Amino acid sequence: MRKRVWMALGMGLLAAGLGWWSAGAAPSPAEAPAPAAAPSSAAPASGLTRAPYSAAGLKQRDRRLSLAQDRLARAQETLASYRQATVYPPESRPLREHPDQLRPFAPIQQSLPLRRPGQDPASGVRIVTTQEKVFASGAETVKLTVAAVDDNGQSLPLTIPRAVAFDLPDPRQAAGRPQVAIDFNDAGLGADLLAGDGTYSALLAPSLQGFADYAGTVRVQVELNQNGRSGMVSFDVVYQPLVPAEWGGIREAVVNGSLAFDLQAQVHQAGRYVVNARVVDARGQPLALLSFNDEVGTGSQRFRLTLFGRLIRDAQPAFPLRLQDVEGFLLLPDQFPDRAMLPRRAGVVYSSQRYGLDRFSDAEWQSEERSRYLTEYQKDVDQATQDLAGLGGNGP
């Protein structure tokens, strides 16, 4: 009996244990996890979505794009500037480009304090000087003037106790030429234009004043006295006794669409000559600075000054054109003075015929050097354009 009771009790405990285990191990339908969703074919394997550039990447790209646009703009500007600057040849340029060449024979003027070397300047007085030219050759003369003015530019009384000309010491040649007295006057005599105006004038003529066989610097030293206050001024003239060529007549012709002025000359010494002249139109408007720079032999020669056809077409001047203020020299390399001057031809020396603008070419100047530079500058533009396109840019 007792045995049957214990067996029944054990079977009950076993059934209860199995019921508890099944209840805890098997989740309810509400607690069961949902089945995993199938992966989308549009999503990346990592499950993350990324933009084409990060914020830092976009900033760097914009900076590179800006630099490429700037490089292209500079390359285009350089090409355009060079092309525009070389439309005309170097020997035929607009005169407006050289304002300092409008009046080549204007006297050189200076305003200096009244003083002696090593002393303080006198107050309330200035010494105004003019010098006709710096370089002189052969029988050329040089006009010099001196005047004293106050701080308001009003004339002050002045006397010149002494003025002399002498050669500056040069270690390459013997010195010691005797000093030559130079006459400054305000009496309307010689080089002085108006008596009693307070301006003292003198004429330096090296070939007649003891320097006919001298090549170098001639200094004119002037002692001044203004109401008991003394001072000194000096003028330097570079003199060369050689006159290398003499001018002849002038001829004109339309050559290859440009207007050529042929200046005839009798050349005494062969070498490299430099000649400049100005062209103004019938209204007096400055047009061109013409230049000649070439080797020339002896005998009857011509110095051709060419007014470029495109320059005439662009400026549309009033005819006839006037050639004026011709200056030139023979270059003397490796010596001093380094030039021998041709006689000056001041003012209008020739007037051209009347032409229609269609007689002249509108073509730009061409040369091997210009073509080479234009090619290289175009390469820079093409490379900059290509670099910009690689960054997705469209130009500046």
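Everything numeric in this text was worked out from a predicted model, so none of it was measured. Numbering starts at 1 and runs along the sequence shown.
Applying the side chain to side chain donor-acceptor pair (under 3.5 Å) test to pairs two or more places apart or on separate chains, those with a residue in residues 135-147 are T130-T145. Legend: ring pair (Phe, Tyr, Trp, His ring centres under 6.0 Å) pairs involving residues 97-116, not counting sequence neighbours: none detected. For the ring pair (Phe, Tyr, Trp, His ring centres under 6.0 Å) condition, the pairs that include at least one residue of residues 268-293, sequence neighbours left out, are Y273-F303, F292-F303.
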In residues 313-324, what donor-acceptor pairs under 3.5 Å come from side-chain atoms, sequence neighbours left out?
residue, atom, partner, partner atom, Å
R313, NH1, F360, O, 2.5
D314, OD1, R310, NE, 3.1
D314, OD2, Y88, OH, 2.5
D314, OD2, R310, NE, 3.1

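Taking R126 as the reference, S111 meet the side chain to side chain donor-acceptor pair (under 3.5 Å) condition, with sequence neighbours excluded. Residues satisfying the side chain to side chain donor-acceptor pair (under 3.5 Å) criterion with D186, sequence neighbours excluded, are absent altogether. Applying the salt bridge (Lys or Arg N to Asp or Glu O under 4.0 Å) criterion to E246, with sequence neighbours excluded, gives no partner residue. Residues satisfying the side chain to side chain donor-acceptor pair (under 3.5 Å) criterion with Q101, sequence neighbours excluded, are R278. For Q226, the side chain to side chain donor-acceptor pair (under 3.5 Å) partners two or more places apart in sequence, or in a different chain, are R229. Not counting sequence neighbours, the partners of D387 by the side-chain contact (heavy atoms from CB on, under 4.5 Å) test are Q383.
Under a hydrophobic clustering in which Ile, Leu, Val, Met, Phe, Trp and Tyr are joined whenever their side-chain heavy atoms come within less than 4.5 Å, directly or via other members, L342 and V142 fall into different clusters.
The backbone N or O of D150 lies less than 3.5 Å from no partner atom in the side chain of Q154, so there is not a single donor-acceptor pair.
For the pair R272 and E295, the salt-bridge criterion is met [side-chain N within less than 4.0 Å of a carboxylate O]. Ion pairing between a basic and an acidic side chain is recognised when a charged N comes within 4.0 Å of a carboxylate O; E223 and R116 show such pairing. We find that R219 and D236 are joined by a salt bridge, their nearest charged nitrogen and carboxylate oxygen being less than 4.0 Å apart. E376 has a carboxylate O that lies under 4.0 Å from a charged side-chain N of K379, or vice versa, which qualifies the two as a salt bridge.
Taking a 4.5 Å side-chain heavy-atom cut-off between Ile, Leu, Val, Met, Phe, Trp and Tyr, the cluster of L208 contains only that residue. The hydrophobic cluster containing V149, built from Ile/Leu/Val/Met/Phe/Trp/Tyr side-chain heavy atoms closer than 4.5 Å, also comprises V128.
Atom CZ of R64 is surrounded by 12 or fewer heavy atoms from other residues, nucleotides or ligands within 6.0 Å. Atom CD of E77 is surrounded by 12 or fewer heavy atoms from other residues, nucleotides or ligands within 6.0 Å.
In this structure, a donor-acceptor pair under 3.5 Å is absent between the side chains of Q69 and R74. Donor-acceptor pairing under 3.5 Å is recorded for the side chains of N276 and S291.
Residues F135 and F329 place their aromatic rings such that the two centres sit no closer than 6.0 Å.
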